[in-house]
There are 2 protein chains.
Amino acid sequence: MISTKEKILNEAEKLFAEQGFAETSLRMITAKADVNLASVNYHFGSKKTLIQAVFERFMDRITNDISHEMEQLALKEEPIEVADVLQTLKQPIKNLDKFRPDGAGVFMNLLGRSYAETQGHIRRFAMDKYSHVFNRFVGFLQISSPHCEPSEMFWRLHFMLGSFIFSLAGHKALQEIAESDFQQSVSIDQIIDKLIPFMSAAFSHNEAGF
Amino acid sequence: MISTKEKILNEAEKLFAEQGFAETSLRMITAKADVNLASVNYHFGSKKTLIQAVFERFMDRITNDISHEMEQLALKEEPIEVADVLQTLKQPIKNLDKFRPDGAGVFMNLLGRSYAETQGHIRRFAMDKYSHVFNRFVGFLQISSPHCEPSEMFWRLHFMLGSFIFSLAGHKALQEIAESDFQQSVSIDQIIDKLIPFMSAAFSHNEAGF
DNA sequence: CACCAATTCAAACGACTGTTTTAAACATAC
DNA sequence: GTATGTTTAAAACAGTCGTTTGAATTGGTG
């Protein structure tokens with residue numbers, strides 16, 4: 001039997017991703033989840049902490065998977081290339097779709113909206129809880145690109161983050177356009193498969209030319 | 001003398017970019033702009049059309065500038081490189097900062113929020129009015145990358161769009177992190193100067209390897 | 001069975017939302 | 001001057017929001 005708490009989380013994540021945090025009311029969520037309005041405040045305390053709980057469920061999953069991929073990467077004997085590091089993101093993102101319906105799209109939506117958030121309380125929360133995974137990922141990137149300064153790497157990382165968020169959060173609209181313009185359907189997997197070599201090439205360039 | 005209409009537009013764009021559309025009430029805007037609440041509906045009809053007007057003022061400016069840059073590019077005699085095409089974005093984005101306070105950041109914020117929007121009425125509006133500029137830009141890109149299929153180019157374009165929006169819309173937060181982590185201040189101009197070669201390298205790669 | 005805690009429920013709270021209304025003030029033209 | 005159309009003003013409208021309340025209901029324990 002699925003609990004009230006889970007019913008709320010399941011509907012909330014859908015609606016938050018589709019409409020945004022502010023545009024989604026607790027009444028919409030509880031109506032769709034077929035639970036009482038007051039149960040949100042009972043189980044989660046407030047709307048703010050509900051948002052955080054939705055976000056946390058995804059982050060726990062994907063950071064777990066990424067950590068696992070990085071374990072594998074650490075075993076590699078040949079030199080670690082940029083593409084190898086970025087590849088560690090591939091399966092974890094794809095796994096989100098198995099985790100939840102349209103998981104990758106929903107998660108990137110949440111991630112993007114979290115960054116756009118005013119007070120940034122989600123970002124602070126994420127930095128507290130998941131910084132070790134993030135730092136390890138950056139470490140691998142540095143190894144694969146010893147010529148690239150940390151500050152330059154910082155910016156490149158966020159350029160990439162923007163590409164992931166934007167193209168995957170909006171993948172439905174983009175897929176529709178792509179289909180009507182090129183008669184060619186593209187899955188989320190294929191988007192990621194285009195994105196990773198694209199980004200690998202970007203990371204591999206040398207602005208100074210050596 | 002600055003008109004009521006302009007006072008509203010000026011405050012609205014700031015608040016929309018800082019807090020989002022839904023989180024910004026007409027009462028906040030009119031209080032900050034020191035005009036009457038009803039004047040928004042009088043001058044703009046509704047909140048929705050106010051959002052559109054704020055967006056339009058930026059789009060008119062930047063598409064104008066980009067068109068001008070592309071005129072120059074069309075005169076070039078040597079073969080047009082990817083980097084040349086992307087360079088046409090550089091000055092127009094920088095000019096936004098002269099146009100309005102923190103114009104680039106505000107505009108990218110608006111652009112990002114418009115894409116995240118539910119009904120997407122802004123996106124449809126933009127496609128109607130500015131598609132010719134967009135199409136011309138894509139045309140130049142195709143010329144500079146004849147090996148790249150249109151559908152592949154479509155996705156690369158949106159990867160790039162995501163990077164621009166994400167890094168410039170959130171530039172203040174990112175700049176703060178960069179300064180505290182690397183004791184190194186980075187201006188918007190410098191972000192763009194990092195972004196364009198980064199993207200040029202990404203666009204120049206050949207996934208098929210020929 | 002009774003007991004207690006955990007959960008659910010309907011209803012209401014005060015605050016805030018976009019929009020409309022009606023009247024007053026203003027500018028410009030005749 | 002009066003008349004005309006534009007702009008501002010204060011107030012009220014109907015509706016939604018997140019949250020709280022207090023009673024009803026449930027589930028498990030002695």
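The chains referred to below are lettered A, B, ... by the order of the sequence lines, with proteins before strands, and numbering in each begins at 1.
Of the candidates D/dA10, C/dA6, C/dC9, C/dA6 carries the atom nearest the A/Y42 side chain, counting heavy atoms from C-beta on. Proximity note for B/L26 (side chain, C-beta onward) versus C/dT21, C/dT19, C/dC9: the nearest is C/dT19. With distances taken from any side-chain atom of A/T4 to the nucleotides C/dA12, C/dT8, C/dT19, the minimum falls on C/dT8. The side chain of B/K47 has C/dT19 as its nearest neighbour among D/dA9, C/dC9, C/dT19.
Taking atom CG on A/L15 and atom C1' on D/dC17, their separation rounds to 16 Å, with Å as the unit. Rounding to whole angstrom units, CG of residue B/L50 and P of C/dT19 are separated by 10 Å. A straight line from CD of A/Q19 to P of D/dC17 spans 10 Å, rounded to a whole angstrom. What separates CD1 of A/I8 from C1' of D/dG18 is a distance of 14 Å, to the nearest Å. As rounded to whole Å, 16 Å separates atom P of C/dC16 from atom CD of B/E23. Atom P of nucleotide D/dT19 and atom CG of A/L37 are separated by 10 Å, given to the nearest angstrom. Here C/dT21 presents its P atom at 16 Å from CG of B/N36, a figure rounded to the nearest Å.
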Audit row: A/Q91, A/N95, side-chain hydrogen bond (donor to acceptor under 3.5 Å, both in side chains) steps and yes/no: CA-CA 6 Å; A/Q91 202 54 47; A/N95 285 346; 3.2 Å; yes

Please lay out, stage by stage, how A/E56 and A/K129 fare under the test salt bridge (charged side-chain N to carboxylate O under 4.0 Å, His left out). CA-CA 9 Å; A/E56 194 172 7; A/K129 186 168 178 188; 2.5 Å; yes

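Within the 4.0 Å cut-off from OP1 or OP2 of D/dG18, not a single side-chain nitrogen or oxygen of A/S46 is found. Close to D/dG18, at under 4.0 Å from its OP1 or OP2, lies no side-chain N or O of A/N41.
A residue-by-residue look at A/S3 and B/S25 shows that A/S3 has its nearest nucleotide of DNA chain C further toward the 5' end. Each of A/A22 and B/K5 was matched to the nucleotide of DNA chain D holding its nearest heavy atom; the match closer to the 5' end belongs to B/K5. Nearest-nucleotide assignment on DNA chain C puts the 5′-proximal partner with A/H43, out of A/R27 and A/H43.
Results of the side-chain contact (heavy atoms from CB on, under 4.5 Å) test with B/I191 over B/I93, B/L168, B/L174 single out B/L168 as the only residue that passes. Here the rule is side-chain hydrogen bond (donor to acceptor under 3.5 Å, both in side chains) with B/R61, and of B/N64, B/D65, B/T63 only B/D65 fits it.
Using a cut-off of 4.0 Å between Lys/Arg side-chain N and Asp/Glu carboxylate O, B/R156 and B/E149 are scored as not salt-bridged.
At a threshold of 4.0 angstrom between heavy atoms, the contacts of A/T30 with the nucleic acid are absent.
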